[in-house]
Amino acid sequence: MSLFPLQSSSLQPQTPGAPKRKQPKNLKPQQTPIKTPTRTFKWSSLLPSNPLQTLLSGEHPDPRALPLILSSTSPLSSPPFRSQIHSLALKLNLLSNPHLLSSLALSYGPTKGPTLLSQSPDPRNPLPWTLLLSKSNPRSALKLFDKMLQLNIELDSVAYIVLMKACGQLGSLREAKRVHKVVRLSGLSDVVVHNAMVKMFLECGGVEEATRVFEGMRVKDLVTWTTMIVGFVRSGEFNEGLKLLREMCRKEGRIDGFLVTGVLPACARVSAHKNGKEIHAKIVRLCLGMNNKAPAVENALMDMYVKSGNIEYGKKIFKRMDFKDAISWTVMIFGCSLHGEGEVGVELFKEMKRKGEVFVDRTAFAAALHAANSACLVEEGKSLFTFLSKPQVEHYALMAGLLSRGGYFIEARAFIEEHKLTNCSPVLKAVVDGCRIHRNIRMGKRIIEQLTELEPLNADNYVMLSNLHANEKLEMAKEIKETIQDMGLKTKKAYSWIEIRSKVHAFGTGDVSHPRSEAIYWELERLMKTMREEEGYVAREDYSFHDVDEERECIACGHSEMLAIGLGLISQRSGVLRVTKNLRVCRNCHDSAKLISRIVGRKIILKDPERFHHFKGGVCSCRDIW
DNA sequence: GTAGGGTTAG
């Protein structure tokens, strides 16, 4: 009761001439100073921050002020006070005011709110219902929808859009189909409704359904295209996304910031450097990235460059940005980390924190920990970790991985036990990585055993075990390989690709299907010979799993990344070679690529799922830890 | 002087 000391008197203001007409003095300092003197009084009486004044001002409560009170965060919007406003509204017959009705219903929430609405003077008005829908959690929103159907409320476009958004958030394709049916029967056909429908299906994993709606739309706007393209990109269908972009450019002939921001991640993921550059040119020409308050376009561009191998362009954009938000910093920190510049990444993170202009969120922390990992900065990482108030799995994995990569195995184990992470597979996998690098077979084996218990059908775990032995014990590696086959598990096949004159050329292990295969092998043999004779190169024994399931394992230079590099060398006489591989680079290929970069005097950038290797002059940016 | 809607980046 003491929370609401004015509660009992609050219902009194209707009594004319009550002694509480004047504002209590102690409330004055809360008034917000307003510059225009003529408006001062009117505004301040409506400000939710000081709603008491309105009720205590003596006259009949202003129905326009009550919704503001109800939606305020003050204790006055709490249940006891709300009931009093409700009874006041009933007494004064104010519920015909749709605004007051809406805010009361909203304040009652999705369970009790509908009763109030259905008993109001205009129960079918969709607006208050929609308001309630928009503020409910997805599950309640769908329940509310059923209620609306029962009560025969006529839903309009906005109501359907709100409903479909909720359905998308719920992610249930079954519900999406049900809603879709009702919307179709309603006959509403404006483009915004259809856009919402496409998005709903995409969010529920119904790419096919979304495509059907998309294709059936006679009128499409930029939002339609953006929604569909982003949908493809998010479901991993990058090439479909890029294809649709080209179709859109042909048909629409215009683009906007939203669209490019949505499609750039596709370029980043398929390392379609050229496509990305084209989009960059368009952005510059159309001045799309000019929003200084929300640098989404620049951030996406930066991310695309960083992830398709061009860290330098990314840095240039970052430097030129007037306003950087948390994402801008995170992209750059992560970018440095990916390109073997972990120290720079950690320094950037410190600068970000020091400046204090943006909120340092958990993704920024993860990027910084990733950078510490990349440069093996164990102490730096430990100190970063102490600043994290609520670490997530990704942070734990990065920290445990860092300890292990640094060779601090006892600490890594203590860390896992201290934070009760013994059943957390991402953390365990990160530690195995360090065991592999430092050849700590015993600990690696033990952890992988734990992992196979957690995920017995995940082939990756057995591959890890095999790779752990790959450098020493061929027999063991073979045995594990047989186990995988016996269990009928599928392992990933290795492949690499290179973009030459806008065309992507892909290679598998020992691939001979490329039209220029003969020349590729010939070139690689020639280089191998130079490496052996002039550089004293001796291939190490390596029975890493991911590339040995082909019969051509005996061909030293037959790994997919080498074939892609070979094609690059014979097709482009100068410039940087950019190759992408779907699995980690093997040790021999890594050694070879270093030497080749020196022999031919060219830079080779090889991307694997974890990082970029910049081979130049015989060294790699990863400092041989990967 | 008051209430409901679709697209973007780490």
Side-chain angles (χ1 to χ4, degrees), chain A residues 39 42-48 62-71 97-107 125-136 141 155-166 168 188 190-200 202-203 220-231 233-234 255-268 288-289 291 294-304 306-307 314 317 324-335 337-338 358 361-368 370 394:
Chain A
R39 285 192 163 186
K42 282 185 171 179
W43 275 101
S44 59
S45 69
L46 289 172
L47 280 175
D62 185 342
R64 286 172 302 192
L66 295 172
L68 293 170
I69 295 170
L70 286 167
S71 61
N97 178 323
H99 297 116
L100 180 52
L101 179 72
S102 302
S103 52
L104 256 179
L106 208 56
S107 163
N125 178 7
L127 202 150
W129 288 97
T130 314
L131 192 62
L132 204 52
L133 263 184
S134 72
K135 302 281 197 270
S136 308
L155 283 89
D156 61 7
S157 304
V158 184
Y160 281 123
I161 290 160
V162 170
L163 177 69
M164 287 191 283
K165 189 178 174 184
L188 288 169
D190 68 82
V191 66
V192 187
V193 170
H194 278 100
N195 289 346
M197 203 183 277
V198 171
K199 182 145 194 267
M200 170 182 71
L202 287 169
E203 283 175 341
K220 295 185 179 89
D221 64 8
L222 273 181
V223 178
T224 321
W225 290 98
T226 308
T227 307
M228 199 62 220
I229 290 171
V230 170
V233 174
R234 290 208 177 136
I255 56 171
D256 68 359
F258 281 104
L259 182 73
V260 293
T261 321
V263 80
L264 280 170
C267 304
L288 295 178
N291 188 346
V297 172
E298 284 87 349
N299 289 348
L301 204 53
M302 212 159 63
D303 187 54
M304 179 277 294
V306 159
K307 290 201 181 132
I317 296 170
K324 300 179 178 83
D325 65 7
I327 298 179
S328 324
W329 288 94
T330 309
V331 168
M332 207 59 242
I333 294 166
F334 189 61
S337 179
L338 281 178
V358 294
D361 61 13
R362 60 185 207 203
T363 320
F365 261 107
H370 198 278
E394 52 177 341

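In what follows, chains are A, B, ... by sequence order, proteins preceding strands, each numbered from 1.
With rounding to whole Å, A:Arg234 atom CZ is found 4 Å from B:dA9 atom P. Rounding to whole angstrom units, CG of residue A:Leu288 and P of B:dA9 are separated by 16 Å. Rounded to whole angstrom, the span from the CG atom of A:Asn125 across to the P atom of B:dA3 amounts to 14 Å. Computed from coordinates, the A:Lys220 NZ to B:dT7 P distance equals 18 Å when rounded to whole Å. Summarising the geometry, the separation between CH2 on A:Trp225 and P on B:dT7 is reported as 18 Å, rounded to the nearest angstrom. Atom CG in A:Leu133 sits about 18 Å away from atom P in B:dA3, given to the nearest Å. At whole-Å resolution of the value, CG in A:Leu132 and C1' in B:dG5 are 16 Å apart. If you measure from atom CG of A:Asn299 to atom P of B:dA9, you get 11 Å, rounded to the nearest angstrom.
If you check B:dG10, B:dT8, B:dG5 against the side chain of A:Val331, the one that comes closest is B:dG10. Among B:dT8, B:dG5, B:dA3, the nucleotide with an atom closest to any side-chain atom of A:Val230 is B:dT8. Side chain of A:Ser157, nearest nucleotide from B:dT7, B:dG5, B:dG4: B:dG5. Distance from the side chain of A:Asp303 is smallest for B:dG10 among the nucleotides B:dG10, B:dA3, B:dT7. Closest to the side chain of A:Pro98, from the set B:dA3, B:dG4, B:dG5, is B:dA3. Side-chain proximity of A:Ala159 to the nucleotides B:dT7, B:dG4, B:dG10 is greatest for B:dG4. Closest to the side chain of A:Pro265, out of B:dT2, B:dT7, B:dA9, is B:dA9. Counting only heavy atoms from C-beta on, A:Val158 has its side chain closest to B:dG4 among B:dA9, B:dG4, B:dT8. Minimum atom distance to the side chain of A:Lys199 is reached by B:dT7, of the listed B:dA9, B:dT7, B:dG4. Nearest nucleotide to the side chain of A:Val223, out of B:dA9, B:dT7, B:dG5: B:dT7.
The closest side-chain heavy-atom distance from A:Leu106 to A:Leu70 is not below 4.5 Å. A:Phe334 is listed as a side-chain neighbour of A:Lys307, based on a closest heavy-atom distance under 4.5 Å. Inter-residue side-chain proximity for A:Val358 and A:Lys324 is flagged as unmet; no heavy-atom pair is nearer than 4.5 Å. A 4.5 Å side-chain heavy-atom check between A:Leu264 and A:Asp303 finds every atom pair outside the cut-off.
Using a 4.0 Å heavy-atom cutoff across all strands shown, A:Ala326 reaches at least one base atom of the nucleic acid. Among the atoms of the strands shown, only primed sugar atoms or phosphate atoms (P, OP1, OP2) are found under 4.0 Å from some heavy atom of A:Lys165. Across all strands, A:Leu131 comes closer than 4.0 Å only to sugar-phosphate atoms, never to a base (heavy-atom distances). Counting non-hydrogen atoms under 4.0 angstrom, A:Ser103 reaches nothing in the nucleic acid. Base engagement by A:Val192 is indicated by at least one non-hydrogen atom pair under 4.0 Å involving a base atom. Counting non-hydrogen atoms under 4.0 angstrom, A:Ala294 reaches nothing in the nucleic acid.
An aromatic stacking contact links A:Phe258 with the base of B:dT7, defined here by ring centres under 5.5 Å apart and ring planes under 30° from parallel.
Partner A:Pro67 forms a side-chain contact (heavy atoms from CB on, under 4.5 Å) with one of A:Ser107, A:Ser103, A:Pro98 and no other, that one being A:Ser103.
For B:dG10, the base has a donor-acceptor partner in the side chain of A:Thr330 [N/O atoms by modelled type, under 3.5 angstrom]. Between the base of B:dA9 and the side chain of A:Thr261 there is no donor-acceptor pair shorter than 3.5 Å.
The CE atom of A:Met164 sits 11.5 Å away from atom NZ of A:Lys199, with the distance rounded to the nearest 0.5 Å.
What you find for A:Leu163 and A:Ala141 is that their closest heavy atoms are CD1-O, 4.1 Å.
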